[in-house]
2 protein chains.
Amino acid sequence: MQKKRATIKDVASLAGVSTATVSHVVNGSKPVKQTVHDRVIAAARQLDYQADRAASQLRSGQTRVVAILVPDLDDAFFTSLVSRLEVMAGKDGFDVIVASSRDDPAVEQSRLRALLGWRPAGMVVVPCTDSLPTVLIEECGRTPVVLADRVVPAGAPADTVTIDNAEAGEIAARHLVAMGHRDVVIAASNLAIAPIRERERGAHDFLRGATGRAPVTIELGSNSITGAERFAHWQERHARPTAVLALTNVTTLAVLSALAQARVDIPEQVSVIGFDDYAWMSARKTALTAIRQPLDLMAQSVWDRLTARMGGETGAPVAISLTASLQVRDSVLGLPAIGGGDVATPGSDPLNPGESKSAIH
Amino acid sequence: MQKKRATIKDVASLAGVSTATVSHVVNGSKPVKQTVHDRVIAAARQLDYQADRAASQLRSGQTRVVAILVPDLDDAFFTSLVSRLEVMAGKDGFDVIVASSRDDPAVEQSRLRALLGWRPAGMVVVPCTDSLPTVLIEECGRTPVVLADRVVPAGAPADTVTIDNAEAGEIAARHLVAMGHRDVVIAASNLAIAPIRERERGAHDFLRGATGRAPVTIELGSNSITGAERFAHWQERHARPTAVLALTNVTTLAVLSALAQARVDIPEQVSVIGFDDYAWMSARKTALTAIRQPLDLMAQSVWDRLTARMGGETGAPVAISLTASLQVRDSVLGLPAIGGGDVATPGSDPLNPGESKSAIH
DNA sequence: CGATTTACGTTAAACGTTTAACTTGGCGTT
DNA sequence: AACGCCAAGTTAAACGTTTAACGTAAATCG
């Protein structure tokens, strides 16, 4: 242990001024003569002075902290979001404190309380379930909050940033039927989660409308390993569909694992559409066609909303809905049309005409 | 904006006791009679009281915060680490504040200062370069610090947790030559980073010793997209090796992308060993053989060291070195022995006898 | 030239906790 | 009955800042 940390008093006495003056030069809150200013700076540097945020925050009531709560810090989607937010926050002079709820409402609640103890200037929350904890709802009146991803925007107590999940599901379904698929299974993580339910509905409805038969939906959970097991198990006792549509990045992983394990070829034996767009998806022989969420735009929107609110904007919650897009690559096989319905051939996707395969992004 | 937040005074007056008593029941710092205790709890609950951490920390000098600084929050390796640490920290009642240096020493320095403003009880840092910023070195005398991953343990000013990188490289190289490979290229991210240099050295030395010829090493940087471009570029103007050994998870991605793009088959046309072990690596037709870092153990060790130091342990820095292992799967082809050297056939790997392929972990 | 403004500093009071030191009343011991 | 002791609460002083209110000397003005 070295000498104790320098306080503002130490700096003040070394520079021969009052603590108030030190504070003013450090924060630029009042003009200070050049000579004094320099003297203070020198003293601060010499003592390696760093203001204590706790004290500063206590006195001023202003905190430059934003708290981020996500369901899982091992999920690439959430960490990508956190990563982008952390960069933007850092640039705007905010520090970030993170916590994960591990998809457990009880943990969510307790972490939330802990975060609130910091009196953050703002928070962004990706809830782990449809029903927001009451702690959070109450907090929305006091602290700027932005809800992201797993939210039902209607009636939310705060600004929300989501994608149009039903549309996302439909886009994928549309591509599948355009490519001639009638027999598809939908791999969802957990239908209790509203956005997943929406994606499923979008895909399901379109598929049923276009093919006349309802697709099968299976739930694989939020863990890729157990998800793979469940999918493998399902696979053993059902006829193989021509395509599977995964509604989540971890379900994508789960079905890909199970398929690889069972040595079924993509797209020859079964077509696959994945969710989210990560580097590993194009790092494979047959690159994965996937639904891509506009991650950068989402993060940007979240940050915009949050800064607006932290800047004092009041008024009814605004709901931002972004649209997902289909990243067409090689994992969906064009099936010969069997009669009835639209004729579809590989490469003739009405959605992305002339672009059945795109470069690695 | 709702009513102001309740303070300890509000609770105290509602419960008809002094603030000291409230503090004591909240923290259990002194015995309090059951009836009073209950009254205070009730008041606190009614007012939705949540202690202000800034005030608490200012007065007590005790902070339940650990700061984590990593080079990149988009890198799965680092986020996995952060994720595990966050869980352990949460369980021990610590909050976590994260920052990323974006592999930029200047940013690293400034984020470090910002983090220190919080007077964290401890910090874990994955430096972005070999030479630690002086701010950090000085801090090691004041605050418990654990350095992880990208560190040279020798002479470090704080506890370190690393893997034996030279050994990791050697293990992979050994497997490659056992499988009959003589012509391998090593894909490094950045040889300016010590651990990468070590991995390269371990692999390089073994390969040269065993095959009599030095392997080629190329640097692909820390971004998978530009890395893929560089590898593709290299590929165009050089004869294809029989194997490539990636020393990083992002170089793995880079190599795989470039290979996929060029439509070269793994392992038929070229064998690949990747680094780190993620779900997507086994979610492919030919699952990836990879060097696996003991992530859970690393996180655990970091936390153990940190809690020990936060608990007051003093003494010279301890350097923990963990050992990586090879996860053998399908991406390394057994080559027929060409004479000279050891005879090697697929499935006869002296390192993992009888286990040339393992289940999805 | 005195009065008023300006420019720059200082004083001291908070901010919401924790905690050492102090009261107080009830109990057991001699 | 006098004494000390213990248990349970209270008082009040910090902790390191920020900032409103207040000097004070020099500059400006009528």
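Note that these values count all heavy atoms, side chains included, but never hydrogens, waters or copies made by symmetry. Proteins get letters first, then strands, A, B, ... in listed order; numbering begins at 1 in each.
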- Message: Using five pairs at each end of the helix from dC1(C)-dG30(D) to dT30(C)-dA1(D) to define an axis, what is the angle between those two axes, to 10°?
- Response: 50°

- Could you give the distance from CZ (R111(A)) to CG (L116(A)), rounded to the nearest 0.5 Å?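 Result: 11.5 Å between the selected atoms.
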
- Task: Kindly compute the distance separating CG (D48(B)) from CG (D10(B)), expressed to the nearest 0.5 Å.
- Result: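 So the gap between those two atoms works out to 12.0 Å.
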
Nearest whole Å is fine: how far is [N] [atom2] from [X] [atom1]?
| X | N | atom1 | atom2 | result |
| --- | --- | --- | --- | --- |
| I8(A) | dC15(D) | CD1 | C1' | 13 Å |
| D10(A) | dG16(D) | CG | C1' | 11 Å |
| D38(A) | dC8(C) | CG | C1' | 15 Å |
| D52(A) | dG16(C) | CG | P | 17 Å |
| L58(B) | dA14(C) | CG | C1' | 12 Å |
| Q62(A) | dG16(C) | CD | P | 14 Å |
| K9(A) | dT10(C) | NZ | P | 16 Å |
| R5(B) | dT17(C) | CZ | C1' | 15 Å |

Ignoring hydrogens and angles, state whether a donor on the side chain of [X] or [Y] is under 3.5 Å from an acceptor on the partner side chain.
| X | Y | value |
| --- | --- | --- |
| D304(A) | Q300(A) | yes |
| D52(B) | W118(A) | no |
| S80(A) | S83(A) | no |

- For T21(B) and V17(B), indicate whether the former's side chain and the latter's backbone hold a donor-acceptor pair under 3.5 Å.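 No, T21(B) side chain to V17(B) backbone: no donor-acceptor pair under 3.5 Å.
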
- Between the main-chain N or O of T19(B) and the side-chain N or O of S23(B), is there a donor-acceptor pair closer than 3.5 Å? no

- Query: If only side-chain N and O atoms of S56(B) are considered, is one of them under 4.0 Å from the OP1 or OP2 phosphate oxygen of dT18(C)?
  - Reply: yes

- Query: Quick one: is S23(B) getting a side-chain N or O under 4.0 Å of the dT17(C) phosphate, OP1 or OP2?
  - Reply: no

- Message: Mind checking if T7(B) touches a base, just sugar-phosphate, or nothing, with heavy atoms under 4.0 Å?
- Response: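 Touches sugar-phosphate only.
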
- Task: Classify the nucleic acid contact of A54(B) as base, sugar-phosphate or nothing, counting any heavy atom under 4.0 Å across all strands shown.
- Result: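 Counting heavy atoms under 4.0 Å across all strands, no contact is made by A54(B).
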
- Message: Just to verify, what does D159(A) make a side-chain hydrogen bond (donor to acceptor under 3.5 Å, both in side chains) with, not counting sequence neighbours?
- Response: R305(A), R309(A)

Protein and nucleotides 9-13 of chain D: nitrogen or oxygen contacts under 3.5 angstrom:
{"unit_1": "dG9(D)", "atom_1": "OP2", "unit_2": "K33(B)", "atom_2": "N", "d": "3.0"}
{"unit_1": "dG9(D)", "atom_1": "O6", "unit_2": "K30(B)", "atom_2": "NZ", "d": "2.7"}
{"unit_1": "dT10(D)", "atom_1": "OP2", "unit_2": "S18(B)", "atom_2": "N", "d": "3.0"}
{"unit_1": "dT10(D)", "atom_1": "OP2", "unit_2": "S18(B)", "atom_2": "OG", "d": "3.0"}
{"unit_1": "dT10(D)", "atom_1": "OP2", "unit_2": "T21(B)", "atom_2": "OG1", "d": "2.6"}

- Knowing that exactly one of D103(A), D130(A), D75(A) qualifies, which makes a salt bridge (Lys or Arg N to Asp or Glu O under 4.0 Å) with R150(A)? D103(A)

- Item | Given dT17(C), dT18(D), dT17(D), the nucleotide with the shortest approach to the side chain of R119(A) | dT17(C)

